Amino acid sequence: MEAIIYTTNTGSTAQYAKMLAEQTGLSVFSMEDAKSEVEEGSEIIYLGWIMAAQVKGYKTAAKKYKIRAVCAVGMEKTGTRTEEIRKKTFVPAEVPLFTLQGNFNVKKLHGFYRLMMSMMVKMVTKQLVAKTDRTQRENEMLEIMLQGGENVRKENLAEVLDWYKREQML
Ligand SMILES: Cc1cc2nc3c(=O)[nH]c(=O)nc-3n(C[C@H](O)[C@H](O)[C@H](O)COP(=O)(O)O)c2cc1C
């Protein structure tokens, strides 16, 4: 493995990428910096934020680099929605994919993303508030949408680090 490359919007994915770099000793680059710093064809771990169940930047990164694992940073709990995100992003079955919970704050968004998310928050919260039999997942979603969430935690990388250690032993 040669590097960690990430795409972030509000910073959570960058935080995870840097934590992972500290724990693994790998170099870390944003997609932009990687253009000049990481050779095409290099083996990398790719981290991208989730938008509409797709990992941002994955397609571009996959064309240029050999992606050995993907970390998808979203608003939902670490380790959830993995199969849906794999499918929508077209991540091959042999590439490990980990979902990580990041931060969510509409006020940190700008332009189109802010508009899109504000509309989504309004629509989803209206539906969920009206629902009397909400599941636990729906309650968590409602809380995050109404209050925002700061959920970047070092512990969320445990599974990724286990995978990395196993790889190093091979
Ligand atoms: C337009 C938009 C769509 C989003 N769609 C999803 C989604 O489908 N699933 C999800 O878990 N999070 C979704 N999110 C939440 C972000 O993935 C989450 O806030 C993440 O922590 C952002 O990472 P970043 O701080 O690196 O930008 C969406 C955010 C925006 C702005």
Side-chain angles (χ1 to χ4, degrees), residues 3-24 26-35 38 44-62 65 67 69-91 95-128 131 134-161:
I4 294 167
I5 300 179
Y6 67 89
T7 301
T8 192
N9 182 36
T10 63
S12 327
T13 312
Q15 276 178 267
Y16 277 123
K18 285 167 192 170
M19 282 179 196
L20 195 57
E22 266 171 37
Q23 302 278 321
T24 58
L26 291 167
S27 309
V28 59
F29 304 96
S30 66
M31 271 283 265
E32 192 51 36
D33 292 345
K35 279 185 198 164
V38 184
I44 66 150
I45 300 176
Y46 181 73
L47 286 83
W49 67 284
I50 303 172
M51 186 180 113
Q54 290 184 20
V55 184
K56 276 290 218 186
Y58 171 82
K59 206 171 154 191
T60 312
Y65 306 107
I67 298 181
V70 179
C71 299
V73 180
M75 63 199 287
E76 293 198 61
K77 283 226 158 113
T78 295
T80 60
R81 324 275 293 172
T82 312
E83 279 321 301
E84 183 192 351
I85 286 156
R86 177 185 289 284
K87 237 181 164 176
K88 289 219 168 131
T89 315
F90 297 101
V91 177
V95 177
L97 185 144
F98 305 93
T99 55
L100 304 171
Q101 190 170 28
N103 301 332
F104 181 74
N105 184 349
V106 179
K107 288 186 188 129
K108 274 198 181 168
L109 298 170
H110 303 282
F112 174 71
Y113 291 147
R114 183 160 185 165
L115 186 75
M116 195 170 156
M117 211 56 206
S118 304
M119 278 164 37
M120 178 105 119
V121 165
K122 250 191 211 155
M123 193 181 81
V124 174
T125 51
K126 198 175 165 193
Q127 279 171 2
L128 289 182
K131 199 168 175 223
R134 288 191 297 270
T135 62
Q136 191 178 336
R137 183 184 158 241
E138 286 169 337
N139 275 329
E140 285 162 4
M141 177 71 84
L142 187 59
E143 196 185 321
I144 288 174
M145 285 204 162
L146 290 173
Q147 291 162 23
E150 296 282 321
N151 292 302
V152 175
R153 309 260 185 283
K154 212 172 169 180
E155 307 83 84
N156 291 340
L157 285 169
E159 269 198 47
V160 187
L161 287 168

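Indexing begins at 1, ligand by ligand and atom by atom, following the structure's order. These values consider heavy atoms only, across backbone and side chains, with no hydrogens, waters or symmetry-generated copies. Residue numbers count from 1 along this sequence. The model shown is predicted, which means the values in this text are computed figures rather than measured ones.
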[atom]: which protein heavy atom is closest, and how many Å away?
| atom | value |
| --- | --- |
| atom 22 (C) of ligand 1 | Trp49 CB, 3.8 Å |
| atom 12 (N) of ligand 1 | Met75 N, 3.3 Å |
| atom 2 (C) of ligand 1 | Met117 SD, 3.5 Å |
| atom 5 (N) of ligand 1 | Ala52 N, 3.0 Å |

For [X], atoms of ligand 1 separated by under 4.0 Å from a heavy atom:
| X | result |
| --- | --- |
| Asn103 | 18 (C), 19 (O), 20 (C), 21 (O) |
| Val73 | 17 (O), 20 (C), 21 (O) |
| Ala53 | 7 (C), 8 (O) |
| Gly102 | 21 (O) |
| Asn9 | 24 (P), 26 (O), 27 (O) |
| Leu109 | 31 (C) |
| Met51 | 1 (C), 2 (C), 3 (C), 4 (C), 5 (N) |
| Glu76 | 11 (O) |

Quick check: does any side chain N or O of [X] sit under 3.5 Å from a backbone N or O of [Y], one acting as donor and the other as acceptor?
| X | Y | answer |
| --- | --- | --- |
| Thr125 | Lys122 | yes |
| Thr99 | Ala72 | no |
| Thr7 | Gly57 | no |
| Thr89 | Val55 | yes |
| Arg134 | Leu128 | yes |
| Glu138 | Thr135 | yes |
| Asn103 | Val152 | yes |
| Arg153 | Gln101 | no |

Using side-chain heavy atoms (C-beta onward) and a distance below 4.5 Å, is Val106 in contact with Phe104?
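Yes; the side chains approach each other to less than 4.5 Å.
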Got a salt bridge between Glu84 and Lys88, using NZ or NE/NH1/NH2 to carboxylate O under 4.0 Å?
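So Glu84 pairs with Lys88 through a salt bridge.
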Report the part of Ser12 in contact with ligand 1, treating N, CA, C, O as backbone and CB onward as side chain, heavy atoms under 4.0 Å; options are side chain, backbone, both, neither.
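Under 4.0 Å from ligand 1, Ser12 contributes backbone and side-chain atoms.
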I'd like to check whether Met116 has a polar contact with ligand 1, where a contact means an N/O of the residue lying under 3.5 Å from an N/O of the ligand.
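No.
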Given Thr8, Ile50, Val152, Leu115, identify the one with the heavy atom nearest to atom 17 (O) of ligand 1.
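Heavy atom nearest to atom 17 (O) of ligand 1 belongs to Ile50.
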